[in-house]
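This report refers to the structure that appears directly beneath it.
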Amino acid sequence: AGVYCSSDGRVLGVELVYNNMQGPLPSELGHLEKLQHLVFYSNMLTGEIPAALFSLPDLLELDLNNNQLSGSLPREIRSQALQHLVLYTNTITGRLPTTWDTPSLLTLELASNAFTGSAPAGIGTLSKLQALVISRNNLTGEFPSEWGSLRQLTQLWLFNNALKGPLPASWEGLTSLQNVEMDSVTGPFPEYIGSWIDLTLFIMVRGALTGPIPLTICHLTKIQTLWIFQNSLSGPIPSCIGNLQSVQQLELSDNHLNGTIPADAGRMAQLQMFYLSRNMLTGELPAQLSNLDNLQIMDFSSNQLTGTIPTSFNAFKDKVVDFALCFNKLSGPISAELKPFFEFIGHYTCLLYNNPWQCPIPSFIPKECDCSCSECNSQANRMSCDKCVASSDGCGWCADGPSCFQGSSAGPSGFACPRAHWHFGNGSSHCQSGSASAKFVV
């Protein structure tokens with residue numbers, strides 16, 4: 001830190017960080033013709049960045065992040081030597097430069113400012129660029145296809161802008177990417193993402209990605225964080241998902257995924273957080289998930305899962321601290337072999353409500369799990385009720401078999417059967433259409 005000079009007394013670098021410096025940057029800094037490094041981050045500097053700084057012939061690094069700088073950037077930046085331009089967390093406004101004659105640029109970090117306009121296609125000429133961070137601005141328009149030329153790019157952060165649209169086909173060539181954070185992406189999930197095999201972090205959330213998750217995603221064997229929640233993805237979870245041997249966080253919530261949870265998911269040896277909530281997944285919980293030795297969070301709530309909790313989940317004792325299975329169609333019975341797990345999870349987060357659990361609920365289930373049973377789905381009622389139509393205050397039809405459960409499961413249009421009018425019996429039982437006082441006919 002400080003000022004350092006060449007043997008002949010020319011200033012080569014000025015580094016003054018965390019010094020509470022205030023006021024504008026002196027324009028005289030633009031007279032330091034041999035300056036290579038200007039690093040003033042984490043101060044309280046204000047005003048505009050002197051335009052002359054962008055013309056210094058030997059400048060390698062300009063790092064002014066975390067100040068209160070304002071104004072705008074030049075429309076053209078021409079600097080043959082510049083390698084690192086770091087201006088994030090300021091209040092700079094206006095459009096991003098359209099011309100980037102900076103062939104040596106490796107790092108471009110402009111996040112958390114107030115830039116407007118489109119994402120410049122000209123950034124695509126920066127053939128050596130490794131980090132492009134322009135998140136948390138007010139940029140609009142689509143993702144530039146010209147950026148597909150950034151073959152050395154390893155980090156791409158674009159989130160919290162108003163950029164939207166599909167990923168350009170040309171981005172298939174971004175095979176050096178390791179860290180991607182984006183939102184508002186639309187259109188089909190590109191199969192070519194499977195060729196970004198160096199990815200360790202991939203976040204593409206709060207958009208409108210459609211279609212299935214491509215099988216090529218299973219090629220991402222280095223991935224550690226995979227978040228694609230709050231999109232419109234459909235179809236099954238790839239059966240090869242267990243190939244993601246390095247993944248620690250898998251977040252697929254808030255999509256339209258269907259089918260069963262692959263047993264292969266039990267091979268994700270490093271997985272710590274597993275979120276599948278608010279999809280349309282069916283079938284039973286795979287016993288193989290108990291092989292996830294590092295799992296801490298399992299949230300499969302708000303699906304259509306059936307069956308019971310596998311006894312193998314007793315392996316989650318002393319590991320899983322967030323266990324959410326609420327809003328499914330799980331019926332049990334819950335095995336006494338799971339007592340050690342439930343005695344442990346009762347001290348943390350356990351959500352089992354809104355399932356048609358069979359009565360009686362085992363006494364070892366902690367009250368914190370909020371697990372209640374339904375007489376509609378238990379004992380004689382469960383065996384004798386061949387068809388039930390939903391009621392807002394009684395039993396409901398469970399579409400996957402001869403089981404009824406208490407709640408407000410949606411029934412055929414026009415049916416309304418108060419609980420007092422429900423009767424159970426063999427044969428083709430049905431509820432008459434009409435008013436809320438319609439009888440349940442046996």
Side-chain angles (χ1 to χ4, degrees), residues 13 15 17 36-39 41 53-54 56-66 73 76-90 92 96-113 115 118-137 139 143-161 163 167-183 185 190 192-204 219-227 246:
E15 183 175 342
V17 302
Q36 297 178 3
H37 301 274
L38 183 61
V39 180
Y41 63 78
L53 293 180
F54 296 104
L56 291 172
D58 294 336
L59 189 65
L60 301 175
E61 179 183 18
L62 179 60
D63 188 345
L64 306 175
N65 83 78
N66 198 22
L73 298 182
E76 300 182 356
I77 294 185
R78 300 182 183 277
S79 175
Q80 300 299 301
L82 188 63
Q83 296 180 3
H84 305 283
L85 179 58
V86 182
L87 304 176
Y88 64 83
T89 315
N90 281 286
I92 306 171
L96 292 173
T98 54
T99 300
W100 292 85
D101 186 11
T102 52
S104 301
L105 197 63
L106 302 175
T107 304
L108 179 58
E109 299 190 10
L110 306 176
S112 300
N113 280 283
F115 291 112
S118 59
I123 290 177
T125 64
L126 304 175
S127 60
K128 294 184 179 180
L129 194 66
Q130 296 177 4
L132 176 56
V133 179
I134 54 177
S135 49
R136 297 192 178 95
N137 281 288
L139 301 175
F143 306 108
S145 61
E146 291 82 358
W147 291 4
S149 301
L150 302 175
R151 302 303 175 93
Q152 303 302 314
L153 197 66
T154 61
Q155 181 181 10
L156 178 62
W157 284 14
L158 304 178
F159 59 91
N160 284 11
N161 281 286
L163 296 168
L167 295 183
S170 62
W171 285 23
E172 182 175 2
L174 302 180
T175 54
S176 296
L177 280 171
Q178 299 175 17
N179 187 319
V180 175
E181 294 195 29
M182 301 176 64
D183 55 17
V185 180
Y192 65 65
I193 287 178
S195 67
W196 297 355
I197 58 174
D198 288 327
L199 279 175
T200 59
L201 183 147
F202 182 79
I203 296 176
M204 196 164 288
H219 298 161
L220 305 180
T221 55
K222 298 179 183 178
I223 197 81
Q224 297 177 16
T225 300
L226 178 58
W227 291 6
S246 300

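The structure displayed is predicted, hence computed values, not measured ones. Every heavy atom of this structure was used, including side-chain atoms; hydrogens, water molecules and symmetry mates were not.
- F159 places none of its side-chain heavy atoms less than 4.5 Å from the side chain of M182.
- At least one side-chain heavy atom of F115 sits under 4.5 Å from a side-chain heavy atom of I92.
- Among residues at least two apart or in separate chains, there is no side-chain hydrogen bond (donor to acceptor under 3.5 Å, both in side chains) pair with a member in residues 169-178.
- Around the CD1 atom of I197, the shell of radius 6.0 Å holds no more than 12 heavy atoms that belong to other residues, nucleotides or ligands.
- Two residues are said to be in side-chain contact when any heavy atoms from C-beta on lie closer than 4.5 Å; L73 and L87 meet this criterion.
- Here CH2 of W100 is found 7.0 Å from CG of L105. Values are rounded to the nearest 0.5 Å.
- The side chain to side chain contact (heavy atoms under 4.5 Å, CB included) test applied to E61 returns H37, V39, D63, H84, not counting sequence neighbours.
- Pairing each heavy atom of A121 with each of P144, the nearest pair is CA-CB, 4.3 Å.
- Remark: Y41 pairs with Y18 by the ring-ring contact (aromatic ring centres under 6.0 Å, His included) rule, at least two apart or across chains.
- Remark: D101 engages R78, Q80 in a side-chain hydrogen bond (donor to acceptor under 3.5 Å, both in side chains) (not counting sequence neighbours).
- Atoms CG and OG1, from L126 and T107 in turn, are 11.0 Å apart once rounded to the nearest 0.5 Å.
- With N90 contributing its side chain and L64 its backbone, the two residues share a donor-acceptor pair below 3.5 Å.
- In this structure, E181 CD and F202 CZ are separated by 11.0 Å, a value rounded to the nearest 0.5 Å.
- L129 places none of its side-chain heavy atoms less than 4.5 Å from the side chain of L106.
- With sequence neighbours excluded, the residues forming a side chain to side chain contact (heavy atoms under 4.5 Å, CB included) with L177 are L153, L156, L174, V180, W196, L199, listed by chain and number.
- Judged purely by atom type and a 3.5 angstrom limit, W147 uses its side chain to pair as donor or acceptor with the backbone of P120.
- A 4.5 Å side-chain heavy-atom check between Y88 and I134 finds every atom pair outside the cut-off.
- Residues S79 and T102 form a side-chain contact, since some pair of their non-hydrogen atoms from C-beta on lies under 4.5 Å apart.
- Looking at residues two or more places apart in sequence or on another chain, you find a side-chain hydrogen bond (donor to acceptor under 3.5 Å, both in side chains) between N66 and S42.
- Between the N65 side chain and the T89 main chain, no donor and acceptor come within less than 3.5 Å of each other.
- Between L201 and I223 the shortest side-chain heavy-atom distance does not fall below 4.5 Å.
- Checking side-chain atoms of N137 against main-chain N and O of L110 turns up a donor-acceptor pair under 3.5 Å.
- Side-chain atoms of V133 and S135, non-hydrogen and from C-beta on, do get closer than 4.5 Å to each other.
- Under the rule for a side chain to side chain contact (heavy atoms under 4.5 Å, CB included), the partners of N160 that lie at least two apart in sequence or sit in another chain are R136, D183.
- Atom CG of residue L139 and atom CG of residue L158 lie 8.5 Å apart, to the nearest 0.5 angstrom.
- Listed by chain and number, the residues in a side-chain hydrogen bond (donor to acceptor under 3.5 Å, both in side chains) with K128 amount to none (sequence neighbours excluded).
- N179 meets the side-chain hydrogen bond (donor to acceptor under 3.5 Å, both in side chains) test with W157; sequence neighbours excluded.
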